[in-house]
Amino acid sequence: MEFRLTDEQRALIAPVREMAQTTFRQRALRWMDGTFPWDNIRDLAGLGVLGMTVPEEYGGLGLPVFETALVLEEIAKVCYPTAMAVLGEAGVQTRVIARYAPEGIRARILPAVVSGDCILSICMTEPHAGTDVANYRTNAVVKHDRVIVNGSKTLISRAEEAGMFVVFTRIDGRPGREGIGCVLVERGTPGLAVTGTYHTMGGENLHEVQFNDMEVPLENLVLREDGFKRLLTAFNTQRCLNPSISLGLAEGAFDETTRYVRDRPVFGKPIADFQGVRWKLADMYKDIEAARGLLYRACWTADPFPDPFLAATAKVFCNEMAIRVTNEAVQLHGGFGFTDEYPVSRLYRGARYGSLGGGASETLRDLIGRKLAGEDLGPDGIMGLGYF
Ligand SMILES: Cc1cc2nc3c(=O)[nH]c(=O)nc-3n(C[C@H](O)[C@H](O)[C@H](O)COP(=O)(O)OP(=O)(O)OC[C@H]3O[C@@H](n4cnc5c(N)ncnc54)[C@H](O)[C@@H]3O)c2cc1C
């Protein structure tokens, strides 16, 4: 086993790290009121990393999961909203388009993802169907060569900015998981409306998205067969990428904290001189390194398809580790840690997201426990198909 990054991997992340630690760090407070980090997105497009998971034939880098996770980790060290926006360009929605969209959409949308001109949004959650993801009421009715969609989604990221929405929906009212597929919807489609706004503690805005007799061409209806299983499968990859943001947030908060405790004098000496503080640093460090080991292993083995069990385990551990570490980082900054003066409060708020989205910790623990108890979950059960 090789535990060092290759020269190519170092070369990939070096300019991202440089840009994040200088420019993004300075800009980070700007995005806490829901403003989309367009400046950062354009800068990252300049580095080519927005198309990390876009196939090379469409101008992307076609990177494996591991390299994609390394880039997200670097961005998350300083800026949660930017890392989330980049995940939006590298995650499930990009995979759906690259794999299943008609060639016309692929040829138009994917190069625009690479250049930062097309932001993607994925619409799954409904007011009554979050974790219970297959309980959708949104329905797409096929009429000759058109598809008519009615329903609503909630808590949707990047809905205000998106050029394309990847919408998971019931098809022709077919019941259960088997009835679920996906509709690709371009911004400006009549009947598509972005409505209510939720401002999150992480800084970004989420929205409601309505479909009122919205019509799209039949070719935009994809994943008609095994749609739900393929969605689950794609989410196993997402479960490697989401925790890379958690890892980055924890590392960023840890770096801030080691600097702070060496500089902050209390009782005539830096607080780093107190054993109680050093023990906290040691615990934060071991938590981060344990998470890194688990996550890197999950990511390293994630192509062409991740081990769903390992990905779920890494996600739960990293998400919860980031909450512990960023929480301790705020604590070690004292009262200043609770203000906007120091980055740790932002990183703490961002870290709170990980265990909620992309498979909540409770769901994943359930999955892990069922497997450990000997239940058969795959290859086409709740763990996905084993291919996308
Ligand atoms: C920042 C952010 C961005 C998001 N972006 C998007 C997006 O772009 N697109 C999108 O579609 N959605 C998005 N979401 C929504 C997210 O996917 C949902 O919040 C998530 O799936 C959980 O659903 P819910 O909020 O309805 O919680 P619920 O399903 O109501 O769950 C509430 C609680 O109950 C627990 N729970 C549920 N079932 C069980 C069980 N069987 N056993 C034990 N505990 C259980 C859950 O783990 C959770 O803790 C986003 C959410 C956030 C916070």
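For ligands, and for the atoms within them, numbers begin at 1 and follow the listed sequence.
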Main-chain N/O of Y136 paired with H128 side-chain donor or acceptor, under 3.5 Å: no
Contact region, S157 to ligand 1, non-hydrogen atoms below 4.0 Å, reads both
What distance separates Y198 OH from I156 CD1, expressed to the nearest 0.5 Å? 10.5 Å
E362 neighbourhood, listing ligand 1 atoms whose heavy-atom distance to it stays under 4.0 Å: 43 (C), 44 (N), 46 (C), 47 (O), 49 (O)
State which residue, out of T138, T169, T154, fulfils the side-chain hydrogen bond (donor to acceptor under 3.5 Å, both in side chains) condition with E126. T138
Assigning hydrophobic clusters by single linkage (Ile, Leu, Val, Met, Phe, Trp, Tyr; side-chain heavy-atom cutoff under 4.5 Å), is V133 placed with I171? no
Give a yes or no on whether atom 40 (C) of ligand 1 lies under 4.0 Å from any heavy atom of the protein. no
Assess K269 against F274: is NZ or CZ under 6.0 Å from the centre of the six-membered ring, and within 45 degrees of the ring's axis? yes
Before signing off on this row, confirm whether A129 and ligand 1 have an N or O atom pair separated by under 3.5 Å. no
Can you tell which part of E204 has a heavy atom less than 4.0 Å from ligand 1: side chain, backbone, both or neither? side chain
Starting at CE of M32, measure out to OH of Y80 and round the result to the nearest 0.5 Å. 9.0 Å
Identify the protein heavy atom lying closest to atom 52 (C) of ligand 1, giving its residue, its atom name and the separation to 0.1 Å. Y353 CE1, 3.4 Å
Could you tell me, atom by atom, which parts of ligand 1 come under 4.0 Å of a heavy atom of Y80? 1 (C)
Please name the pair of heavy atoms, one in P243 and one in Q238, separated by the smallest distance, quoted to 0.1 Å. CD-O, 4.1 Å
Taking the cut-offs as 6.0 angstrom to the six-membered ring centre and 45 degrees off its axis, would you call R99 and Y58 a cation-pi pair? no
Where is the tightest heavy-atom contact between M164 and C118, given as atom of each residue plus distance? N-SG, 4.0 Å
Among all protein heavy atoms, pick the one closest to atom 9 (N) of ligand 1 and tell me residue, atom and distance. I122 O, 2.8 Å
Protein non-hydrogen atoms only, distance under 4.0 Å: does atom 32 (C) of ligand 1 have such a neighbour? no
Under 4.0 Å from any heavy atom of L356, which atoms of ligand 1 are there? 20 (C), 22 (C)
Counting only heavy atoms closer than 4.0 Å, does ligand 1 sit against the backbone of V133, its side chain, both, or neither? neither
Check whether T313 reaches the backbone of F309 with its side chain - one donor and one acceptor, N or O, closer than 3.5 Å. yes
Counting from 1, what ligand 1 atoms have a heavy atom of M124 closer than 4.0 Å? 10 (C), 11 (O)
Taking both backbone and side-chain atoms of T125, is any N or O found less than 3.5 Å from an N or O belonging to ligand 1? yes
Is the shortest N/O to N/O distance between L155 and ligand 1 below 3.5 Å? yes
Looking only at protein heavy atoms, what sits closest to atom 30 (O) of ligand 1 is T131 OG1, 4.9 Å
Establish whether atom 6 (C) of ligand 1 and some protein heavy atom are separated by less than 4.0 angstrom. yes
Counting from 1, what ligand 1 atoms have a heavy atom of A360 closer than 4.0 Å? 47 (O)
Give the residue, atom name and distance (to 0.1 Å) of the protein heavy atom nearest atom 24 (P) of ligand 1. G130 CA, 3.9 Å
Run the contact test for D366 against ligand 1 with a 4.0 Å cut-off on heavy atoms, strictly below, and give the result. no
Parallel, tilted or perpendicular: which fits the ring planes of H333 and Y260, with parallel below 30° and perpendicular above 60°? parallel
Would you call D340 and R346 a salt bridge, using N to O less than 4.0 angstrom? no
